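For clarity, every value in this text was computed on a predicted model and none was experimentally measured. First the proteins, then the strands, lettered A, B, ... as listed; each starts at 1.
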Amino acid sequence: MKIQYSLLKKEENTNARLGKIKTNYGEFDTPMFMPVGTLATVKTLSPEELKNVNAGIILSNTYHLWLRPGEDIVNKAGGLHKFMNWDGPILTDSGGYQVFSLANKENITEEGVPFKNHLNGDSLFLTPEKSIEIQNKLDSDIAMSFDECIGYPAEYDYVKNSVDRTLRWAKRGKDVFNNENQSLFGIVQGGVYEDLRRHCAEELVKMDFDGYSIGGTSVGETKETMYKMVEMSTKYLPENKVRYLMGVGDPIDIIENVIRGIDIFDCVSPTRLARHGHAYTKYGKINIKNAKFKDDFSPIENNCDCYACKNYTKAYIRHLITCNETLGSRLLSIHNIRYLIRLTEDLRKAIKNDNIIEYKEEFKRNYYGKEN
RNA sequence: GCGAAAUUGGUGAAGUGGUUAACACGCCGGAUUGUGGCUCCGGUAUGCGUGGGUUCGAUUCCCACAUUUCGCC
């Protein structure tokens, strides 16, 4: 079956929404933060650890799994869930972000996008049809349309042409889509231009996707610009379908965009920051490598319910990170992911209580205020 | 006891008779938003063993001393 989104409640004072998504691999509440597992693993975490941080759904990547191990291997294993031993929902990104991060923009054609395999230099060509075909085989719960993630800044004419092409790609992907247990999302692009965001959203809605996402944000613009891009996109999306904001995961951005009606987020930062020694806390981000933590035998956060905080001290984790021990990355990843997921849990409570603005103000006072 | 070589930051070290003493590691900070995991960007010796001397000027040349290493008794 397709995913089923239920809108349970709207917050009184903002566009924030409480919802539930049912999938073939269980259900989860929204707003929700989705940890990133590009290569069919959330780096350093086992599926059991992902369960323990309350991850409702994880994200994986079409482009990277296409190169290694190849979609046929995953398919032969019985699909991505069985392959990686994760029995919760999975969303696969289409490779659209790799158009932005790995491909040469000048080489994009109507047909698709040429890539150089970063592992062995082979010439590759990804098309909307190919991306969908790979995702059908990976058998994720939610597949994404193949799009061009546009950078910032970008000229109006470039964005206009790109959006129209992304719409044609969305249609082409939808036409070949063939997996009744999988859902397909369209991606709203359009840069900073409201008429283009609107055009893109409206055309996607006409095509009737199972859900919609907003792309082309967090590519170098200011936070205020990002929030505007989200506003000018959600405005034209139907209330009865889920909305996913791609690549956004800074705590304050999650709050601001939940307020603007976003249901799902994903971001590499909790795990990447963890590998580089950073941890989110109520009072801002800390760098565990700082000398001041050398003999700090308290947990990262006193009231955190994560495995790392319940069992380990900052001094010990600092030591592990300093020595490049993987347990350090793992403990910080567990903490950071749990932090963001708990943030979405708190936001759900705030939506129930209709006090999300107050929640945001208090959060900002703590997060940006003076430490301790 | 005799002879030789060496002595530069936390470490390994490069280097020059004349503005700010290379580089690497470490250390101290910072960055990181649909992941090309262990990356990127800053900062880090007011001083070149100690004391003299030569010189306009010495970390660089000379002398003495100290320390270390190697060889020979």
Q) Roughly, in whole Å, what's the span from OH in A/Tyr152 to P in B/U33? A) 16 Å
Q. For A/Glu148 and B/G34, what is the distance between atoms CD and P respectively, to the nearest whole Å?
A. 17 Å
(Q) Looking at A/Lys9 and A/Asp354, is there a salt bridge between them, counting it only when a charged N and a carboxylate O are closer than 4.0 Å? (A) yes
Q: Go through the N and O atoms of the side chain of A/Asp253 and the base of B/U33, and report whether any donor-acceptor pair is under 3.5 Å.
A: yes
Q | Other residues, nucleotides, ligands: >12 heavy atoms within 6.0 Å of A/Lys82 NZ | A | no
Q. Does the distance from a Lys or Arg side-chain N to an Asp or Glu carboxylate O, for A/Glu202 and A/Arg198, drop under 4.0 Å?
A. yes
Q: To the nearest Å, give me how far apart CE (A/Met32) and C1' (B/G34) are.
A: 18 Å
Q. Taking only Watson-Crick and G-U wobble pairs with both distances under 3.5 Å, what dot-bracket line describes RNA chain B, where [ ] shows pairs that cross earlier ones and | shows pairs with another strand?
A. (((((((..(((.....[....)))((((((.......))))))....(((((..]....)))))))))))).
Q) With the threshold set at 4.0 Å, does a side-chain nitrogen-carboxylate oxygen contact exist between A/Asp346 and A/Lys349? A) yes
Q. For A/Gly216, which contact category applies under a 4.0 Å heavy-atom criterion: base, sugar-phosphate, or nothing?
A. base
Q.
Output one letter per nucleotide in nucleotides 35-42 of chain B: B when a protein non-hydrogen atom lies under 4.0 Å from the base, S when only the sugar-phosphate is that close, - when neither is.
A. BBBBB---
Q: With sequence neighbours left out, write down each residue that passes ring-ring contact (aromatic ring centres under 6.0 Å, His included) with A/Phe100, or none if nothing qualifies.
A: A/Tyr97
Q.
Suppose you measure atom C1' in B/A66 against the same atom in B/A21; what distance do you get, rounded to whole Å?
A. 25 Å
(Q) Distance check, P atoms only: B/C40 and B/U33, in whole angstrom units. (A) 15 Å
Q.
Measuring only the P atom in each nucleotide, how far is B/A6 from B/C28? A whole number of Å is fine.
A. 36 Å
Q: State whether A/Asn287 places a side-chain N or O below 4.0 Å from either non-bridging phosphate oxygen (OP1 or OP2) of B/G29.
A: no
Q. Quick one: is A/Asn290 getting a side-chain N or O under 4.0 Å of the B/G30 phosphate, OP1 or OP2?
A. yes
Q: Using the P atom as the reference point in each nucleotide, state the distance between B/U60 and B/G15 in Å, no decimals.
A: 16 Å
Q.
Measuring only the P atom in each nucleotide, how far is B/A24 from B/G51? A whole number of Å is fine.
A. 32 Å
Q.
Could you tell me how far B/U32 sits from B/G18 if I compare only their C1' atoms? Round to whole Å.
A. 45 Å
Q. Centroid-to-centroid, A/His118 to A/His64, below 6.0 Å?
A. yes
Q.
Just the rounded figure in Å: distance from C1' of B/U32 to NZ of A/Lys285.
A. 7 Å
Q) Is any NZ, NE, NH1 or NH2 atom of the basic residue among A/Glu148 and A/Arg165 found under 4.0 Å from an Asp or Glu carboxylate oxygen of the other? A) yes
(Q) Under 4.0 Å, counting only non-hydrogen atoms across every strand here, what does A/Thr41 touch: a base, just sugar-phosphate, or nothing? (A) nothing
(Q) Please report the interatomic distance CG(A/Asp141) to NZ(A/Lys22), rounded to the nearest 0.5 Å. (A) 15.0 Å
Q. Should A/Glu221 and A/Lys228 count as an ion pair when the cut-off is N to O under 4.0 Å?
A. no
Q) B/G3 and B/U16: how far apart are their C1' atoms, nearest whole angstrom? A) 30 Å
(Q) Could you tell me how far B/C2 sits from B/A45 if I compare only their C1' atoms? Round to whole Å. (A) 38 Å
Q | Short N-O contact, A/Asp305 and A/Arg342, less than 4.0 angstrom | A | yes
Q: Would you classify A/Gln189 as touching base, sugar-phosphate or nothing, given that sugar-phosphate means primed atoms plus P, OP1 and OP2, and contacts are heavy atoms under 4.0 Å?
A: base
(Q) Measure NE2/A/His278 against P/B/G29 and give the value in whole Å, please. (A) 11 Å
Q | Whole-Å gap separating C1' (B/G34) and CG (A/Leu245) | A | 9 Å
Q: Using atom CD1 of A/Ile254 as one end and atom C1' of B/G34 as the other, report the distance to the nearest whole Å.
A: 13 Å
Q) Side-chain donor or acceptor of A/Asp147 under 3.5 Å from a matching atom on the base of B/G34? A) yes
Q.
Measure CG/A/Leu332 against P/B/U32 and give the value in whole Å, please.
A. 17 Å
Q) At under 4.0 Å between heavy atoms, what does A/Arg318 touch on the DNA or RNA strands: base, sugar-phosphate, or nothing? A) sugar-phosphate
Q. Looking at A/Asp72 and A/Lys76, does any basic side-chain N land under 4.0 Å from a carboxylate oxygen?
A. no
